[in-house]
Protein chains: 2
Amino acid sequence: MSGIIKSEPFHIQAYKNIQRRLLEKEFSPGEQLTESFLAKKLGISRGPIREAIRMLLHDGLLVQSGVHVFVFDPTFEDVIDLYSCRERLEPLGANLAAQNITEENKQKLKEIIDNTESALSNKEDNHKIASLNTDFHDLITQSSMNRQLIQFMNLIRAKNIYMRNVLLGDFTRKEKFIDEHRRIADAILVGNKYEAEQAMVDHIQVDLETWKDIYKQK
Amino acid sequence: MSGIIKSEPFHIQAYKNIQRRLLEKEFSPGEQLTESFLAKKLGISRGPIREAIRMLLHDGLLVQSGVHVFVFDPTFEDVIDLYSCRERLEPLGANLAAQNITEENKQKLKEIIDNTESALSNKEDNHKIASLNTDFHDLITQSSMNRQLIQFMNLIRAKNIYMRNVLLGDFTRKEKFIDEHRRIADAILVGNKYEAEQAMVDHIQVDLETWKDIYKQK
DNA sequence: TATTTTGTAAATGTTGACAAAATACAGATA
DNA sequence: TATCTGTATTTTGTCAACATTTACAAAATA
């Protein structure tokens with residue numbers, strides 16, 4: 001019959017578990033993480049932990065110095081580096097999405113925009129709004145149908161979320177971005193790749209400016 | 001004192017070893033690779049092999065289907081996907097290199113151009129010329145001083161070399177590219193970031209056209 | 001004959017034990 | 001005081017044994 005849920009292997013569980021703890025700042029940036037410490041904390045052996053650590057090193061959420069592994073301690077320069085890449089890649093995603101998006105994803109895109117607007121007007125919590133924001137960007141990347149780009153954007157997104165949590169904390173902007181999102185979505189929905197790309201460039205640049213503003217006043 | 005060479009851990013050795021065998025097409029695209037097969041072949045246990053496999057999965061040289069791992073079997077669509085990303089990222093590298101390159105790297109850049117010219121006029125072997133080509137692109141990326149970009153370009157380069165070996169074999173172009181390289185280098189050396197970026201865009205587009213030509217006639 | 005069950009081989013998943021290496025620290029020496 | 005050096009401790013590196021999963025073939029059953 002059905003319904004038999006195959007549990008994930010431990011190294012995948014460990015990867016997600018540690019990633020979540022990192023995003024929730026349960027570990028301090030710069031802190032050393034040892035295999036045995038994590039193994040004991042998650043109640044499994046060091047083998048799967050090693051694999052999870054290797055994955056998080058690849059994601060850039062952990063960094064290696066010699067043989068030891070530490071929690072990534074981002075600087076504002078790291079934000080600039082990441083956004084330089086993001087500013088090139090994500091507009092490519094918007095461009096391709098305008099050409100390749102499926103009808104199903106068009107529907108989803110409209111829903112995300114609508115849900116975001118109502119969440120904003122209902123003043124729902126930051127977590128909900130941040131989640132919708134992520135969904136918006138993720139859907140566009142997925143709609144590009146470029147597997148290489150999707151892989152790169154996954155790396156960028158994880159690191160971006162982490163750096164935002166570490167460097168900005170709960171500070172965030174809530175009002176302006178919906179207009180920018182709608183401009184991007186409209187362009188994609190009518191298949192205007194140039195406008196979609198430019199709208200995404202503008203959106204990312206505004207986002208980085210907001211980073212700078214918040215970072216300055218801290 | 002000096003000269004004490006610390007041998008690398010097995011999983012790093014295994015990573016490089018398997019990567020080399022993949023680039024040399026010792027394994028066929030689409031072939032399944034098992035941990036025990038590789039462990040026996042390299043004469044080490046499965047543990048380090050597992051880690052090496054995970055790294056090669058991240059590089060995209062191996063792919064996972066269910067629990068099993070196979071040698072990446074690239075299509076021309078994969079080339080397009082990769083070049084779409086490369087066309088955005090590597091020109092960014094040239095742009096940044098024009099602003100941030102050190103005097104030391106300027107010297108190296110000139111040397112690479114000179115060596116390439118003499119290698120071409122002496123009709124040296126393809127391997128030597130391909131190596132100088134890689135050095136040229138790598139040096140520019142390094143000179144961007146953007147660590148995130150360097151990481152992405154490392155992924156792009158490995159996959160690019162692999163796909164070239166698999167899909168094009170020994171076919172390559174030898175004459176034209178030195179002029180394009182010199183145009184890029186000149187712009188970087190005088191700090192003209194716009195010209196450096198555009199020259200790199202043009203270079204990559206010509207490269208992709210060459211791919212298409214060679215691929216068509218096969 | 002069709003279907004289900006059982007058996008078997010091959011692959012990955014997981015662990016704990018031990019080896020090797022790096023690190024921290026105390027005490028000796030200049 | 002500063003530095004060297006040996007030692008204890010911690011951490012990563014490596015392995016081999018065992019467990020689990022999967023796919024497929026063979027056998028039993030309806």
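Here the structure is a predicted model, which means the values were calculated and not measured. Every chain is numbered from 1, with letters handed out A, B, ... down the list of sequences.
- When distances are taken from the side chain of A:H11 to each of C:dG13, C:dT15, D:dT14, the shortest belongs to C:dG13.
- A:T75 and A:D78 share a donor-acceptor pair across their side chains, judged by distance under 3.5 Å alone.
- Computed from coordinates, the A:F10 CZ to D:dT20 P distance equals 10 Å when rounded to whole Å.
- In this structure, D:dT3 forms a base pair with C:dA28, meeting either the Watson-Crick or the G-U wobble geometry with both donor-acceptor distances under 3.5 Å.
- C:dA22 atom P lies 13 Å from atom CD of A:Q64, rounded to whole Å.
- The nearest whole Å value for the distance from the CD1 atom in A:I44 to the P atom in C:dG16 is 11 Å.
- A straight line from CD1 of A:I49 to P of C:dT15 spans 9 Å, rounded to a whole angstrom.
- Looking at which nucleotide of DNA chain C each of A:P48 and A:S65 is closest to, the 5′-most match is held by A:P48.
- Aromatic ring orientation, B:H181 versus B:H137: perpendicular (interplanar angle above 60°, classes split at 30° and 60°).
- The side chain of A:R50 places an N or O atom within less than 4.0 Å of a non-bridging phosphate oxygen (OP1 or OP2) of D:dG13.
- Across all strands, B:I12 comes closer than 4.0 Å to no nucleic acid atom at all (heavy-atom distances).
- For A:H68 and D:dT11, the NE2 to C1' distance is 6 Å, given to the nearest whole Å.
- Atoms CD (A:Q13) and C1' (C:dG13) sit 12 Å apart, rounded to a whole Å.
- If you check D:dT14, C:dA11, C:dT14 against the side chain of B:R46, the one that comes closest is C:dT14.
- Note: A:F37 and A:F27 have perpendicular aromatic rings, judged against thresholds of 30 and 60 degrees for the angle between ring planes.
- Side-chain N/O atoms of A:D59 and A:Y15 include a donor and acceptor closer than 3.5 Å.
- Contacts of B:G47 with the nucleic acid, taken as non-hydrogen atoms under 4.0 Å apart, are absent.
- Inspection of the A:E197 and A:N95 side chains reveals an N or O donor paired with an N or O acceptor under 3.5 Å.
- Straight-line distance from the CG atom of B:L62 to the P atom of C:dA11: 16 Å, rounded to whole Å.
- With rounding to whole Å, B:L38 atom CG is found 9 Å from C:dT12 atom P.
- When both distances must be under 3.5 Å, the Watson-Crick or G-U wobble mate of D:dG13 is C:dC18.
- Side-chain atoms of B:E35 lie closest to C:dT12 of the nucleotides C:dT14, D:dG13, C:dT12.
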